[in-house]
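The structure appears below as structure tokens.
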Amino acid sequence: MKILDIFLSYLIFSGPVPSFLSEITARGYLSLSSNKLTGPIPASLGDMPNLYFLDLGYNHLTGTIPPQLLRKGSYLYLSHNKLTGGVPAEFAAVNFWTIDLSYNGFQGEASFLLGANKPLLNLDLSHNAFSFNLSAVQLPEGLNSLELSHNEIYGEIPEMVVDMMLNYLNVSYNRLGGVVPAGGNMAWFDQSCFQHNKGLCGSPLPPCKQ
């Protein structure tokens, strides 16, 4: 069976996500980004057995993420919508390469998206209200980009970031504390990547008080 790629971005579609899409079982790649779609994300999208790439970003979608959405994982883009609630706990068992949930109204726990054995390369949770202890998180070894700014994340930055090959890191505007880890690629990241965390100190931020 041939896997279909459907690209319907930038076409100024309005209204709900088209219901007929759930009938195309051979779908592999579906992009409806940068339209004017409204309403909830249909749970039926999760019934597509071959869907590995879903981009619904830059719309006006509301409601929560259906737990069964993209059960096979790979690539999920939901940024710049009006989505709320938490990340489904079912996502802890899904292997994603990239997740972008930025610029929504999500809240609560999301640390289970990370993990030492995850294949995750890129994670963007910025501009939400996520709250979890970053100190307790094991980061995937292959993680390339981690964007957590503008949330309510607390704890300390894991020391293991020093041994990783991160090309991008931003944890600004949270509730983090402790010393910014030094070494490895950490020298690439300037003050803007760590600012507005009242308890965080050490280069490139001001020195920690003795």
Exercise for review: Establish, from distance only, whether the side-chain atoms of Asn104 and Asn81 form a donor-acceptor pair under 3.5 Å.
Suggested key: no
Point to revise | Pairwise distance CG(Asn167) to CG(Leu146) - rounded to 0.5 angstrom | key: 12.0 Å
Practice item. Verify the cluster assignment for Val179 and Leu200: are they in a single hydrophobic cluster under the rule of side-chain heavy atoms below 4.5 Å apart? Key: no
Practice item. Sequence neighbours left out, what passes side chain to side chain donor-acceptor pair (under 3.5 Å) with Asn197? Give chain and number order. Key: none
Point to revise | ring pair (Phe, Tyr, Trp, His ring centres under 6.0 Å) partner of Tyr77, the single match among Tyr29, Tyr103, Phe53 | key: Phe53
Practice item. Without swapping roles, check the side chain of Asn95 against the backbone of Pro119 for a donor-acceptor pair under 3.5 Å. Key: no
Review point. If you round to the nearest 0.5 Å, how far is SG of Cys193 from CD of Glu147?
Key: 8.5 Å
Check your understanding: Any side-chain heavy-atom pair from Val17 and Ile41 closer than 4.5 angstrom?
Key -> no
**Study point:** Glu141 CD: over 12 foreign heavy atoms closer than 6.0 Å
**Key:** no
Review point. Can any side-chain N or O of Glu152 pair as donor or acceptor with the backbone N or O of Tyr154 at less than 3.5 Å?
Key: no
Review point. What are the two closest heavy atoms between Pro181 and Pro158, and how far apart are they?
Key: CG-O, 4.0 Å
Review point. When rounded to the nearest 0.5 angstrom, what distance separates CG in Leu83 from CG in Leu56?
Key: 8.5 Å
Revision key, fill the gap. With sequence neighbours left out, the residues meeting side chain to side chain donor-acceptor pair (under 3.5 Å) with His196 are Tyr173
Review point. Are the ring centres of Phe112 and Phe132 closer than 6.0 Å?
Key: no
Revision key, fill the gap. In short, Pro66 meets Pro88 closest at the heavy-atom pair O-CG, 4.1 Å
Practice item. Any chance you could lay out the side-chain contact (heavy atoms from CB on, under 4.5 Å) test for Met164 and Asn185, step after step, and finish with the verdict? Key: CA-CA 8 Å; Met164 299 174 65; Asn185 286 2; over 6 Å; no
Exercise for review: Please name the pair of heavy atoms, one in Val162 and one in Ala182, separated by the smallest distance, quoted to 0.1 Å.
Suggested key: CG2-O, 3.4 Å
Review point. Do the side chains of Leu139 and Val161 get nearer than 4.5 Å, heavy atoms only?
Key: yes
Check your understanding: Judged by atom type as modelled, is there a donor-acceptor pair below 3.5 Å linking the side chain of Asn128 to the main-chain atoms of Phe130?
Key -> no
Check your understanding: Can you tell me how far CG of Leu143 sits from CE of Met165, rounded to the nearest 0.5 angstrom?
Key -> 12.5 Å
Check your understanding: Within the distance-only criterion (no hydrogens, no angle test), does the side chain of Lys118 pair as donor or acceptor with the backbone N or O of Ala92 below 3.5 angstrom?
Key -> yes
Practice item. Determine, step by step, whether Leu114 and Leu120 satisfy the side-chain contact (heavy atoms from CB on, under 4.5 Å) criterion, reporting the C-alpha distance in whole Å, the side-chain angles of both residues, the deciding distance to 0.1 Å, and the verdict. Key: CA-CA 7 Å; Leu114 297 157; Leu120 190 65; 3.9 Å; yes
Exercise for review: Would you check if Phe189 and Val180 make a side-chain contact, meaning some heavy-atom pair closer than 4.5 Å?
Suggested key: no
Practice item. Given side-chain contact (heavy atoms from CB on, under 4.5 Å), test Ser79 with His127 step by step and report yes or no. Key: CA-CA 10 Å; Ser79 68; His127 294 268; over 6 Å; no
Point to revise | Mutual orientation of the aromatic rings belonging to Tyr58 and His80 [parallel < 30°, tilted 30-60°, perpendicular > 60°] | key: parallel
**Study point:** Pairwise side-chain contact, Gln191 with Leu205, heavy-atom cut-off 4.5 Å (strictly under)
**Key:** yes
Point to revise | Straight-line distance of Ser145 OG to Leu166 CG, nearest 0.5 Å | key: 8.0 Å
**Study point:** Heavy-atom pair with the smallest gap, counting every atom of Ser192 and Ser172
**Key:** O-CB, 3.4 Å
Check your understanding: Does Lys82 reach the side chain of His60, with side-chain heavy atoms less than 4.5 Å apart?
Key -> yes
Practice item. Answer whether the closest heavy-atom distance between the side chains of Trp97 and Asn122 falls below 4.5 Å. Key: no
**Study point:** Positive for side-chain contact (heavy atoms from CB on, under 4.5 Å) with Leu101, one of Val87, Asp124, Leu123
**Key:** Val87
Practice item. Before giving the answer on side-chain contact (heavy atoms from CB on, under 4.5 Å), spell out for Phe91 and Ile99 the whole-Å C-alpha distance, their side-chain angles and the decisive distance to 0.1 Å. Key: CA-CA 11 Å; Phe91 277 18; Ile99 308 174; 5.7 Å; no
Practice item. Step through the shown structure and confirm whether more than 12 heavy atoms of other residues, nucleotides or ligands are within 6.0 Å of CG on Asn117. Key: no
Exercise for review: Determine the minimum heavy-atom distance between Asn59 and Leu37, stating which atoms define it.
Suggested key: OD1-N, 3.0 Å
Review point. Once you round to the nearest 0.5 Å, how far does CG of Leu134 lie from CG of Asn151?
Key: 11.0 Å
